[in-house]
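Here is the structure we will look at, set down as structure tokens.
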Number of protein chains: 4
Amino acid sequence: MSTRIPGPSSAMRKRPRQARSRATVAAVVQAGAQLLGEKGWAGFTTNEVAEVAGVSIGSLYQYFPNKLALVDAIRQRHFDEVLAVLDRAADGGTPAEALVDGMIAVHSANAALHRVLLDLPDPDGSGAAYRAFQAEYLRRYEAVVAALDGGRDGIVAQVLSSAVEGVIHNAARRGVLQSPEVRRELTRLVLGYLGRGA
Amino acid sequence: MSTRIPGPSSAMRKRPRQARSRATVAAVVQAGAQLLGEKGWAGFTTNEVAEVAGVSIGSLYQYFPNKLALVDAIRQRHFDEVLAVLDRAADGGTPAEALVDGMIAVHSANAALHRVLLDLPDPDGSGAAYRAFQAEYLRRYEAVVAALDGGRDGIVAQVLSSAVEGVIHNAARRGVLQSPEVRRELTRLVLGYLGRGA
Amino acid sequence: MSTRIPGPSSAMRKRPRQARSRATVAAVVQAGAQLLGEKGWAGFTTNEVAEVAGVSIGSLYQYFPNKLALVDAIRQRHFDEVLAVLDRAADGGTPAEALVDGMIAVHSANAALHRVLLDLPDPDGSGAAYRAFQAEYLRRYEAVVAALDGGRDGIVAQVLSSAVEGVIHNAARRGVLQSPEVRRELTRLVLGYLGRGA
Amino acid sequence: MSTRIPGPSSAMRKRPRQARSRATVAAVVQAGAQLLGEKGWAGFTTNEVAEVAGVSIGSLYQYFPNKLALVDAIRQRHFDEVLAVLDRAADGGTPAEALVDGMIAVHSANAALHRVLLDLPDPDGSGAAYRAFQAEYLRRYEAVVAALDGGRDGIVAQVLSSAVEGVIHNAARRGVLQSPEVRRELTRLVLGYLGRGA
DNA sequence: AATGAATGAGAATTCATTCAT
DNA sequence: TATGAATGAATTCTCATTCAT
């Protein structure tokens, strides 16, 4: 089993045209996201995904040529969600607080999945999508950096984003993601790094 | 395979008495650490460990009753190393810089392994060892926090440690762990959070 | 391998729905019964069962979660057959002769399997089924005892049944199970024991 | 592992000459007999025999070229003991009672081993020894038969011996081997069979 | 003679993937 | 299109046996 690395794979085998097909694909991706978060990469099996999705394993492979393609779809969907949440959150209050709240919101939904998705083997299989997300993700951070601390280069955004992720993943692992203290300290961390006190 | 939960596992099956067997055990743990870091938990196979270690699969199982016991040994060895590096690094310069340098040094050796080890399934198998390490690890951070920003409670140490880890893991993933800029920014992050500006 | 004690095991993993899968299960149980009798518990391998059954090892495990579950199914099927033969045989002639003929018939089919099944490790895995069979089995003997030698308690049935089994297993081992002399002497043994009071 | 059938094997590799060697061999056979009875053929491992015997696995193979040779030695020793007990028991009381008491005594010591030894795979490996034992064993039974029921041929001894074995093995399995009722009924069985002419 | 470390074929079991219906 | 039965390579782990010390 395990890490057989097939060709480019990635893409979906068929584009679902009818409503039923779209529902099948959605159910599979949804079940896949849930299971990938719950069980991690090891322990993530296509057979169980199909079962939880309520479709046959044959149907799963009708739309996804292999396991990696399914994971790619899950990643894509998750990244879209992350950016959407970030967008929505960016409209409220001050930049730092909006960022922190947005990140907490994103991870509250599915912190485990997010972490798993970052550590995935062969993130080069879907390199393009992955890099596109990373770029977009950093762009948001850079906006925050620029707003608070003009004239810094990209490295600040990178350091900031990974620091925030580190804190949030750890808090999620400890089950204290909703704690007001974490939110407060994380905001302090961002503001302390970027310039002026709260 | 997947997440089979064996008994207490953990301990070694046999204590190696002769020099030859001690060398075997060391080779296995060494190869295991390398492969676990390289391939992650999925993709980590006992057969490959034995092969890379240059011993037979039978020899591996002579000393480790199962895969988890081997992982426990790897984790134990790695934790010991981390604390040792932290100790050594803590003696130089200012607290913040010593910390940053120490963490970078630790992860330069094996950042991937460190990340994998944190995300491992069933870290409760060796619960005691794991918690002991966590406690000791945070204690070092608290010392730094106290030195720079007296009178804060434990949450600051937790936030700080996870932020630093996040930055370092990310930098390691991008292959820029040795970059002076990263070192500089990470130090700024720590100082910005804990008290005085850069 | 040896005596690994898995969970409840016992039950089948999947119920075969289509005709094809029912045929697969039947072939596996049939091949398993044959091989278990031929080779004994040691030397009984799931891989060979699958091969003899003409199915893949994967198919075997699709229906039986582990080796023990397969053995349970074999046992169940064999016990059903034994009772069925006993029933049929009980209708003919005098009780003693019917019993002897029935037992010989049962063991002619698969004496080795019967012996192996009694000596199996962990017959508590399927404890209920096993005890149910034992109880039913003894009930038949008690009927014979009652018919020939009213007013004796259960121990007579137990002694009688184990004596008959001993003779038949031994005759089977020597390949003389069909011998008329054995049949005659076994009948004499039963009648001699039950016929006249001590 | 398992049922690799080597050549004639059987014989011992070396004849132990010194006292220490003889002690080693005796300890191995003793431990082997115990473990074979306890665990059955499956679950009987040479490594554990050596461990329980308190010798190294290397020493075991110094005297026994393979597993089967060890089992042969165990069988031989057990058969000798059985015949010795039979001899001793044959001197007391009436023939039937002496036989029953002797058989119960033999099996009380190690009923499980006796049963395992009969069901062993490849009893042809040590065919000669096995047949010699069987012949001798039946000769004792024939003596009893002759004493009680002169003028019968060998089949009576065979039926009688296997009936007695069946009862005793079953009683041993149920843990009621010492029960006076079993002894009484077994005696009745023997007398009932042999007592009166056909 | 004894030791025990090392070996590796073989056995149980999983899971990605295919294909007949 | 959907289904689910079937496949078999890959993985974990055991144990009889050898051999250097």
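Every chain is numbered from 1 and lettered A, B, ... according to where its sequence line falls, protein lines coming before strand lines.
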Report summary line: Under the rule of Watson-Crick or G-U wobble with both distances under 3.5 Å, where | means paired to another strand and [ ] a crossing pair, DNA chain F maps to .||||||||||||||||||||
**Report entry** Whole-Å distance separating the NZ atom of B:K39 from the P atom of F:dA10
**Finding:** 13 Å
Requested in this report: Determine the interplanar angle of the A:H114 and A:F133 rings, folded into 0 to 90°, and report it as parallel if under 30°, tilted if 30 to 60°, perpendicular if over 60°.
Outcome: perpendicular
Report task. Tell me what A:T46 touches on the nucleic acid: a base, only sugar-phosphate, or nothing, going by heavy atoms under 4.0 Å. Result -> base
Query raised in the report: Among pairs that include at least one residue of residues 26-38 of chain D, which meet salt bridge (charged side-chain N to carboxylate O under 4.0 Å, His left out), considering only residues two or more places apart or in two chains?
Result: none
Query raised in the report: Base, sugar-phosphate, or nothing for C:R13, non-hydrogen atoms under 4.0 angstrom?
Result: sugar-phosphate
**Report entry** Euclidean distance, atom CE of residue B:M12 to atom P of E:dA5 [Å, nearest integer]
**Finding:** 10 Å
Query raised in the report: What residues, two or more places apart in sequence or in another chain, satisfy side chain to side chain donor-acceptor pair (under 3.5 Å) together with D:E51?
Result: none
Requested in this report: Please name all residues satisfying ring pair (Phe, Tyr, Trp, His ring centres under 6.0 Å) with C:Y61, sequence neighbours left out, ordered by chain then number.
Outcome: none
**Report entry** Residues which pass side chain to side chain donor-acceptor pair (under 3.5 Å) with C:Q62, listed by chain and number, not counting sequence neighbours
**Finding:** none
Query raised in the report: Rounding to a whole Å, what distance do you find between C:E51:CD and E:dG10:C1'?
Result: 14 Å
Query raised in the report: Is the shortest side-chain N/O distance from B:Y61 to OP1 or OP2 of F:dC13 below 4.0 Å?
Result: yes
**Report entry** salt bridge (charged side-chain N to carboxylate O under 4.0 Å, His left out) contacts touching residues 24-33 of chain B (sequence neighbours left out)
**Finding:** none
Between the protein and nucleotides 6-8 of chain F, list the N/O to N/O atom pairs that are separated by less than 3.5 angstrom.
| from | atom 1 | to | atom 2 | distance (Å) |
| --- | --- | --- | --- | --- |
| F:dA6 | OP1 | C:R20 | O | 3.4 |
| F:dA6 | OP1 | C:T24 | OG1 | 2.4 |
| F:dA6 | OP2 | C:T24 | OG1 | 3.3 |
| F:dA6 | OP2 | C:Y63 | OH | 3.1 |
| F:dA6 | N7 | C:Q62 | OE1 | 2.7 |
| F:dT7 | OP2 | C:S56 | N | 2.8 |
| F:dT7 | OP2 | C:S56 | OG | 3.2 |
| F:dT7 | OP2 | C:S59 | OG | 3.2 |
| F:dG8 | N7 | C:G58 | N | 3.4 |

Report task. May I have all residue pairs that pass salt bridge (charged side-chain N to carboxylate O under 4.0 Å, His left out) and include part of residues 26-37 of chain A, sequence neighbours excluded? Result -> none
Requested in this report: Mind jotting down which residue pairs meet the side-chain hydrogen bond (donor to acceptor under 3.5 Å, both in side chains) criterion with at least one end in residues 23-33 of chain A? Sequence neighbours excluded, please.
Outcome: A:Q30-A:R77
Query raised in the report: Tell me: NZ of B:K67 to P of E:dT13, nearest whole Å?
Result: 17 Å
Query raised in the report: With a distance cut-off below 6.0 Å to the six-membered ring centre and an angular limit of 45° from the axis, does C:K39 pair with D:W41 as a cation-pi contact?
Result: no
Query raised in the report: Which whole-number value in Å describes the distance from C:R22 CZ to F:dG4 C1'?
Result: 14 Å
Query raised in the report: Can you tell me how far P of E:dA2 sits from CZ of D:F64, to the nearest Å?
Result: 12 Å
